[in-house]
Amino acid sequence: MAAAVARRLCVGLWFRSSLGQLAGQGNVSQIVKRSLSRTHNVLSIYKLVVVGGGAGGCATAAYFGREMGKGHVAIIEPSEKHAYQSMWTLVGAGLKTLGQSQRPMSSVLPSNCDWIKESAVKFDPKNNSLTTSSGKQIQYDYLVVAAGLQLNYDQVKGLTEALQSDPQVCSNYDPKYVTKTFPALEAIQSGNAIFTFPNTPVKCGGAAQKIVYLGEEIFRNKGTRDKIDVLYNTSQSVIFGVEKYAATLRNIVQQRHIKVNYRHNLVEVKPDSREAVFQLLDSEKGETTTFSYSFLHAVPPMSAPDEVRSSPLVNADGWVDVHKHTLQHTKFHNVFALGDCTSLPTSKTAAAVASQFGVLKHNLSAVIKGKQSTHSYDGYSSCPLVTGRNKCVLAEFDYDGHPMETFPVDQSKERWSMYQMKAHVMPQLYFHGLLKGIYEGPAMFRKVMHLGMGEKKH
Ligand code: FAD
Ligand code: UQ1
């Protein structure tokens with residue numbers, strides 16, 4: 001027994017030192033595979049390892065699995081279920097079910113890639129290696145990180161307890177709590193309906209306010225609107241970062257008597273007295289203000305997952321540090337990243353992931369062939385701002401906040417057609433295009449739609 005352990009340790013150390021020497025020469029996986037079994041239970045070796053089986057991870061693994069062939073790509077993902085999170089806004093409003101947003105992970109991960117059903121817990125990019133939750137060491141030639149975001153409930157005192165114990169506290173951002181939203185919207189008869197936005201970057205920032213509009217419409221349809229004050233308490237100082245769409249949204253909140261309290265950051269929930277405490281972010285004295293609530297939709301603070309945040313891959317703010325145009329890591333040239341866990345200074349959405357994937361696939365392919373990155377990500381992101389059960393403002397923009405609209409109509413207007421896109425077309429693009437690594441965002445449609453008309457001026 002002791003001998004076996006010692007042998008394994010020696011083999012492990014030999015692997016490490018050989019691979020350390022080979023790192024930088026490329027094709028570590030091929031050279032090592034000639035002499036060592038890949039199925040060794042301490043160390044596995046792949047040409048490409050993808051961390052995360054969400055939107056960005058699935059697209060990347062599907063594409064490179066096809067390119068590299070069976071057994072060369074591993075995808076590390078602990079969850080049994082994959083979720084199309086964009087649908088949770090409509091689940092919260094009672095327009096779709098949670099089940100419609102979910103698929104078994106096994107059905108969305110590409111079959112020619114090895115699924116390692118664990119978390120990546122330790123990253124050692126200097127040695128082209130990472131460790132999984134069960135202690136497996138995985139060696140790679142190239143790494144793509146697409147680990148998404150972590151929801152940090154513990155940063156708001158009492159929030160977990162409130163979500164678990166109070167039927168009137170909910171969150172569309174979590175499959176555990178999204179199914180509470182619609183019953184709570186239906187149950188409230190009077191008092192404050194409060195919707196929050198935290199003081200951190202979040203995924204799809206628009207989703208925090210889409211449910212305000214859908215909720216307000218539900219109250220009107222039920223005849224309870226007159227007795228309910230609808231409050232959107234946001235840490236931000238504007239309603240939306242791109243002025244063209246912000247102007248529409250300001251009109252909507254004014255016309256529908258939705259009170260927006262800017263620079264209000266939720267810091268505590270008291271489920272026993274149904275009170276929510278907000279830090280006033282512009283107060284020099286750090287003052288707080290307390291609201292009673294009859295309904296609370298909470299958006300928790302978010303960050304990259306802890307395992308990623310504690311790795312050498314991140315910048316000072318805790319995001320995987322990639323070049324904003326090439327998506328290649330700033331320090332480790334065989335590492336790329338896409339999606340919510342990255343430092344990319346754009347709005348964190350699946351729409352952005354699709355465009356990023358289109359750039360990443362070209363640039364990683366070039367680097368694998370020993371060439372330079374050639375494609376450039378322009379920061380494209382999109383947010384379908386659902387403003388009612390058949391209305392939507394389809395915001396699309398780049399790094400500079402310039403609108404980049406796909407359709408030859410003014411997308412800052414509320415439209416039935418854009419709601420149909422959101423509810424019926426986007427899920428198809430996501431499941432049958434993005435997850436299969438064949439959809440790279442709407443740039444192609446945009447070119448076709450604007451044929452002969454010229455691109456719309458910003
Ligand atoms: P994810 O899709 O979240 O995937 C990350 C994966 O990494 C997860 O499967 C996770 O289990 C895994 N993981 C985490 N840590 C580890 C680890 N240590 N090791 C291995 N695996 C790990 N986007 C839009 O474009 N349009 C919308 O309308 C829209 N609406 C939204 C509404 C809501 C309520 C929410 C919550 C999101 C919405 N989004 C929308 C945002 C969109 O869902 C995300 O931006 C997108 O899923 C990001 O993709 P990703 O691959 O970066 O992360
Ligand atoms: C999009 O491409 C996409 O990716 C699948 C989404 O994810 C769910 C979106 O929500 C949006 C809005 C887009 C943008 C697509 C078009 C056609 C404008």
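Given the structure is predicted, the values throughout are model-derived calculations rather than measurements. Counting starts at 1 for both ligands and their atoms, in listed order.
- Scanning the protein heavy atoms around atom 22 (C) of ligand 1, the nearest turns out to be Pro78 CD, 4.0 Å.
- With ring centers used as reference points, Phe445 lies 6.0 Å or more from His450.
- Atom 5 (C) of ligand 2 has its closest protein heavy atom at Tyr439 CE2, 3.7 Å.
- A cation-pi arrangement is absent between Arg256 and Tyr213, since the terminal nitrogen or guanidinium carbon is not both under 6.0 Å from the aromatic centre and inside a 45° cone about the axis.
- Closest heavy-atom approach to atom 5 (C) of ligand 1 within the set Gly52, Gly441, Ala147: this belongs to Ala147.
- Closest to atom 53 (O) of ligand 1, if we only count protein heavy atoms, is Gly148 CA, 3.4 Å.
- When hydrogens are left out, the protein atom nearest atom 4 (O) of ligand 1 is Gly54 CA, 3.2 Å; that is the closest non-hydrogen contact.
- At the top of the distance list for atom 7 (O) of ligand 2, counting protein heavy atoms only, stands Ala350 CB, 3.7 Å.
- Salt bridge Lys391/Glu217: absent, no basic N to carboxylate O contact under 4.0 Å.
- Of the polar atoms of Tyr380, none of the N or O atoms is found under 3.5 Å from an N or O of ligand 2, judged by distance alone.
- The closest non-hydrogen atom to atom 15 (N) of ligand 1, taken over Ala207, Pro305, Ser79, comes from Pro305.
- The proximity of Val353 to ligand 1, defined as any non-hydrogen pair under 4.0 Å, is limited to the side chain.
- When non-hydrogen atoms are compared, ligand 1 lies under 4.0 Å from the backbone of Ala55 as well as from its side chain.
- Nearest protein heavy-atom contact of atom 26 (N) of ligand 1 is Ser86 OG, 3.5 Å.
- Between His362 and His375, the ring-plane angle classifies as parallel under the 30° and 60° cut-offs.
- Aromatic pair Tyr142/Phe336: centroids not less than 6.0 angstrom apart.
- Taking atom 11 (C) of ligand 2 as the reference point, the nearest protein heavy-atom neighbour is Met426 SD, 3.5 Å.
- Considering Ala351, Pro442, Cys204 only, the shortest heavy-atom separation from atom 3 (C) of ligand 2 involves Ala351.
- Here the heavy atom of the protein found nearest to atom 10 (O) of ligand 2 is Pro384 CG, 3.6 Å.
- When only non-hydrogen protein atoms are considered, atom 12 (C) of ligand 2 lies nearest to Ser382 OG, 3.1 Å.
- Against a heavy-atom cut-off of under 4.0 Å, Thr406 is close to the following atoms of ligand 2: 18 (C).
- Counting atoms of ligand 1 from 1 in the listed order, those under 4.0 Å from a heavy atom of Ile76 are 20 (C), 21 (N).
- Put simply, part of Lys210 is less than 4.0 Å from ligand 1, judged by heavy atoms.
- Within the listing of ligand 2, atoms 17 (C) sit less than 4.0 angstrom from a heavy atom of Met421.
- With distances taken over non-hydrogen atoms, the option nearest atom 8 (C) of ligand 2 out of Phe445, Phe407, Tyr84 is Tyr84.
- The shortest contact between atom 1 (P) of ligand 1 and any protein heavy atom is with Gln85 NE2, 3.7 Å.
- Backbone and side-chain nitrogen or oxygen atoms of Gly56 are examined, and one is located within less than 3.5 angstrom of a nitrogen or oxygen of ligand 1.
- The residue from Thr234, Val230, Ile252, Ile194 that alone fulfils the side-chain contact (heavy atoms from CB on, under 4.5 Å) condition with Val212 is Val230.
- When ring centroids are compared, Tyr84 and Tyr430 come within the 6.0 Å threshold.
- The Val51 neighbourhood of ligand 1 comprises atoms 19 (N), 20 (C), with distances under 4.0 Å to a heavy atom of that residue.
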Stepwise salt bridge (charged side-chain N to carboxylate O under 4.0 Å, His left out) test for Glu118 and Lys136: CA-CA 9 Å; Glu118 297 184 43; Lys136 281 196 193 90; 2.7 Å; yes

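- A salt bridge links Glu243 with Arg250: the closest approach of a Lys/Arg side-chain nitrogen to an acidic carboxylate oxygen falls below 4.0 angstrom.
- Between Tyr380 and Phe397, the gap from one ring centroid to the other reaches at least 6.0 Å.
- Ligand 1 is never approached by Gln150 to a heavy-atom distance shorter than 4.0 Å.
- With a heavy-atom cut-off of 4.0 Å, Thr349 does not touch ligand 2 at all.
- For the pair Lys324 and Tyr399, the distance from NZ or CZ to the six-membered ring centre is under 6.0 Å and the angle to the ring normal is within 45 degrees.
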Stepwise salt bridge (charged side-chain N to carboxylate O under 4.0 Å, His left out) check, Lys117 with Glu80: CA-CA 8 Å; Lys117 215 176 115 195; Glu80 277 288 352; 2.4 Å; yes

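- By the 3.5 Å distance cut-off applied to N or O atoms, Lys422 is counted among the residues near ligand 1.
- Val425 does not count as a contact of ligand 2, since none of its heavy atoms falls under 4.0 Å from the ligand.
- Scanning all protein heavy atoms for the shortest distance to atom 18 (C) of ligand 2 gives Glu396 OE2, 3.3 Å.
- With Trp88 as the aromatic partner, Lys180 does not meet the cation-pi criteria of under 6.0 angstrom to the ring centre and within 45 degrees of the ring axis.
- Residue Ala350 touches ligand 1 through backbone and side chain together, judged by heavy-atom distances below 4.0 Å.
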For Glu405 and Lys244, what are the C-alpha separation, side-chain angles and deciding distance, and is it a salt bridge (charged side-chain N to carboxylate O under 4.0 Å, His left out)? CA-CA 11 Å; Glu405 299 185 345; Lys244 177 173 184 183; 3.1 Å; yes

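- Selection from Lys81, Gln356, Glu77, Met426 by nearest heavy atom to atom 8 (C) of ligand 1 gives Glu77.
- Counting only heavy atoms of the protein, atom 46 (C) of ligand 1 lies nearest to Asp340 OD2, 3.8 Å.
- Of all protein heavy atoms, the one lying nearest to atom 17 (C) of ligand 1 is Ala120 N, 3.7 Å.
- Considering all non-hydrogen atoms of both residues, Arg263 and Ser237 come closest at CD-CB, 3.8 Å.
- Less than 4.0 angstrom separates some heavy atom of Pro384 from each of these atoms of ligand 1: 26 (N), 27 (C), 28 (O).
- The single protein non-hydrogen atom nearest to atom 38 (C) of ligand 1 is Cys204 CB, 3.4 Å, given as residue, atom name and distance.
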